[in-house]
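Input: a single structure, listed below in structure tokens.
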Amino acid sequence: MTSPCATSSGKCPDRTVFPHIRTIGTDGLLVSFADALSEPANRAALAFRAAIEAADLPGLLETSASLVSAYLRFDISVSDHGAVRSALETLLRTQNWLAAPLPGGRRRWSIPTVYGTELAPQLEEAAAVAGLTPEEAIASISNAQVRVQTIGFAPGMPYLGELPPEWAIPRQTQLTGRVPVGGLCVAIRQLVLFPVDTPTGWRHIGQTAFSLFRPDDAAPFALRPGDEARFVPVTAEALANMRSVPDGGATFEVLR
């Protein structure tokens, strides 16, 4: 009889011990490295996803990474859950994934950003909640080198972090009715950058001209998990001039 946990050992795993593997639907498995976001857990998810792709597992169809997990989907006519799980367990034993090097080929972006003004009207409020002056808030955010931890919520939308501890501020209790495309918002030591106009509980502190979602491109998402970014202060006039420039004036270098 098949174990209801469908593990290679036939034993149900302890979900408080990481990493652990879970079955997702009929053709997927999820490898989680923590139950809460941290830099090591996010590093592990990114590195393990890259390792899965490099291993070229039989029947592998796609992979993705979330904040603390790596997901894979496979062709059930080529392989089965037991075989894929066994391969993942073997791969997990090869190193300490919480200390693994980040994948190569990532990019470091510099993204021109207007902080405050009528373009990003919640900077002062967010700064006050963080216990900072607006000037200190701009310096803190713009000097932070943040990582794209995952893509989610809307097409191509990055969650970036982690910010310094003072930015462990809560989301708003009420929604802001509309943050425009390219809006930079903050909460819970993270930044999000919006690819579409949307309501949000995150505070709108910066505005960019960066187009994150390009549905007609072969690679429709401008940012990828593992990319790094800095949001470089510019004036509103400078940003207006960048709206017709590729990537809204954002540039990148490839990290080896």
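- Note on Leu98: it does not cluster hydrophobically with Val68, by side-chain heavy-atom contacts below 4.5 Å among ILVMFWY residues.
- Taking CG of Leu119 as the start and CD1 of Ile205 as the end, the distance is 13.5 Å to the nearest 0.5 Å.
- The nearest pair of heavy atoms linking Arg49 to Pro225 is NH1-CG, 4.3 Å.
- You'll find the side chain of Val192 stays beyond 4.5 Å of the side chain of Phe153, heavy atoms only.
- Closest approach of Asn241 to Ser244, counting heavy atoms only: O-OG, 3.8 Å.
- Taken from CZ in Arg189 to CD1 in Ile169, the straight-line distance is 12.0 Å, to the nearest 0.5 Å.
- At distances below 3.5 Å, not a single donor-acceptor pair connects side-chain atoms of Arg171 with backbone N or O atoms of Gly201.
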(message) Evaluate Arg85 against Thr23 for side-chain contact (heavy atoms from CB on, under 4.5 Å), listing each step before the verdict.
(response) CA-CA 9 Å; Arg85 182 183 290 270; Thr23 299; 3.1 Å; yes
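- His204 places a side-chain heavy atom less than 4.5 Å from the side chain of Pro180.
- Taking a 6.0 Å sphere around CD of Glu124, one finds it holds 12 or fewer heavy atoms contributed by other residues, nucleotides or ligands.
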(message) Is there a side-chain contact (heavy atoms from CB on, under 4.5 Å) between Leu57 and Phe74? Walk through the geometry before answering.
(response) CA-CA 9 Å; Leu57 302 178; Phe74 61 93; over 6 Å; no
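- A distance of 10.0 Å separates CD of Glu53 from CG of Leu72, quoted to the nearest 0.5 Å.
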(message) Does Val31 form a side-chain contact (heavy atoms from CB on, under 4.5 Å) with Trp97? I'd like the steps, not just the answer.
(response) CA-CA 11 Å; Val31 182; Trp97 291 97; over 6 Å; no
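- A pairwise comparison of heavy atoms in Thr176 and Trp202 identifies OG1-O, 4.5 Å as the closest pair.
- Residues Asp35 and Phe18 come closest through the heavy atom pair N-CZ, 3.5 Å.
- For Pro101 against Ala47, the heavy-atom pair with the smallest separation is O-CB, 3.6 Å.
- Residue Ile52 is not grouped with residue Ile151 when hydrophobic side chains (ILVMFWY) are merged at heavy-atom distances under 4.5 angstrom, including chains of intermediate members.
- Cluster membership check: Ile141 shares its hydrophobic cluster with Leu132, using side-chain heavy-atom separations under 4.5 Å among Ile, Leu, Val, Met, Phe, Trp and Tyr.
- You'll find the side chain of Pro215 stays beyond 4.5 Å of the side chain of Pro155, heavy atoms only.
- Rounding to the nearest 0.5 Å gives a distance of 8.5 Å between CD1 of Ile188 and CG of Leu37.
- Rounding to the nearest 0.5 Å gives a distance of 12.5 Å between CD of Glu89 and NE2 of His20.
- Only one option out of Leu255, Val146, Val148 pairs with Glu228 in a side-chain contact (heavy atoms from CB on, under 4.5 Å); it is Leu255.
- Side chain of Thr90 to backbone of Ser86: a donor-acceptor contact under 3.5 angstrom is found.
- The side-chain heavy atoms of Glu162 and Asn42, taken from C-beta on, include no pair separated by under 4.5 Å.
- One hydrophobic cluster holds both Leu60 and Phe48 under the rule that ILVMFWY side chains link at heavy-atom gaps under 4.5 Å.
- In this structure the side chain of Met157 never reaches within 4.5 angstrom of the side chain of Leu223, judged on heavy atoms.
- Counting heavy-atom neighbours within 6.0 Å of Gln145 CD, excluding the residue itself, gives a total above 12.
- Two residues are said to be in side-chain contact when any heavy atoms from C-beta on lie closer than 4.5 Å; Arg203 and Gln172 meet this criterion.
- Using cut-offs of 30° and 60° on the angle between ring planes, the pair Trp109 and Phe252 is tilted.
- Using a 4.5 Å heavy-atom threshold, the side chains of Cys185 and Phe194 count as touching.
- Of the inter-residue distances, the one linking Glu62 atom CD with Asp27 atom CG reads 8.5 Å to the nearest 0.5 angstrom.
- In the hydrophobic clustering of this structure, Leu191 does not group with Leu46; members are Ile, Leu, Val, Met, Phe, Trp, Tyr whose side-chain heavy atoms approach within less than 4.5 Å, directly or through other members.
- Looking at Leu184, Val181, Leu239, Thr113 one by one, the single match for side-chain contact (heavy atoms from CB on, under 4.5 Å) with Gln207 turns out to be Leu239.
- Within 6.0 Å of CD1 in Ile76 there are 12 or fewer heavy atoms belonging to other residues, nucleotides or ligands.
- Leu212 and Pro158 make their closest contact through CD1-CD, 3.8 Å (heavy atoms, listed as atom of the first residue, atom of the second, distance).
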(message) Walk me through whether Glu136 and Glu166 qualify under side-chain contact (heavy atoms from CB on, under 4.5 Å).
(response) CA-CA 11 Å; Glu136 290 170 337; Glu166 58 266 26; over 6 Å; no
